[in-house]
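The first residue of the sequence shown is numbered 1, and numbering continues consecutively from there. No experiment lies behind these values; they were computed from the predicted model shown.
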Amino acid sequence: MDWCRYRFRSVWDLPAAPGAVYAVLERAEEYPHWWPEVREVTPVDERTATARLRSLIPYDLFVTARESRRDPGARVLEVELCGDLEGWARWTLFARGGGTRAVYEQEVEVRKPLMRRLAVPGRPVFRANHALMMRSGRRGLVRLLNAV
């Protein structure tokens, strides 16, 4: 097992139509407004942005996300990640009971040196930190969708 590789999957049931959810998720530069752990997103060009992420662990992660798929018909958004995390992340949206089921999947390798050194003892903490970040993001998105 490569202790520096992670695979995450989160499922969010959301109180809005898939089109409305897609419209929010495709505007990554606005994530910091509703997702506290996404501290900043800076567009580089039409398909690329840099982001600074920080959850409970007092440690910033810096990534560059480059859009690899934007498909409103299939309701899929996917980016390639490089920097402190290398790999990919994808949102896939499905209509579900008058709302949306949003599936977030991510496969990454940690590149930040300290996280690599702490890979074995820190793995449970890093996974828990990610889970907390995802819960917080869901809460923020639900608040935003309910306010619209």
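- Between Leu141 and Trp12 the shortest side-chain heavy-atom distance falls below 4.5 Å.
- Using a 4.5 Å heavy-atom cutoff, the side chains of Arg75 and Phe94 are not in contact.
- Salt bridge annotation for Arg111-Asp84: absent, with no cationic side-chain nitrogen under 4.0 angstrom from a carboxylate oxygen.
- Taking the ring axis of Phe62 as reference, the NZ or CZ atom of Arg54 does not stay both within 45° of it and closer than 6.0 Å to the ring centre.
- Between Arg70 and Tyr22, the closest heavy-atom pair is CG-OH, 3.2 Å.
- Note on ring orientation: taking the six-membered ring where Trp is involved, the planes of His130 and Phe8 are parallel (angle under 30°, cut-offs 30° and 60°).
- Taking CZ of Arg27 as the reference point, atom CD of Glu29 lies at 7.5 Å (rounded to 0.5 Å).
- Using cut-offs of 30° and 60° for the angle between ring planes, the Trp35 and Tyr31 rings count as parallel.
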- Item | Residue pair Asp60, Arg39: steps toward the salt bridge (Lys or Arg N to Asp or Glu O under 4.0 Å) verdict | CA-CA 9 Å; Asp60 289 341; Arg39 301 301 172 98; 5.7 Å; no
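- Residues Val110 and Val125 share a single hydrophobic cluster, defined by chaining ILVMFWY side chains whose heavy atoms lie under 4.5 Å apart.
- Note that OH of Tyr59 and CG of Asn129 are 12.0 Å apart. Values are rounded to the nearest 0.5 Å.
- Each of Arg9, Arg90, Arg7 was evaluated against Glu107; a single residue qualifies, Arg7, per the side-chain hydrogen bond (donor to acceptor under 3.5 Å, both in side chains) test.
- Note that CD of Glu86 and SG of Cys4 are 11.5 Å apart. Values are rounded to the nearest 0.5 Å.
- With hydrogens and angles left out, the side-chain atoms of Ser136 and Glu37 include a donor and acceptor closer than 3.5 Å.
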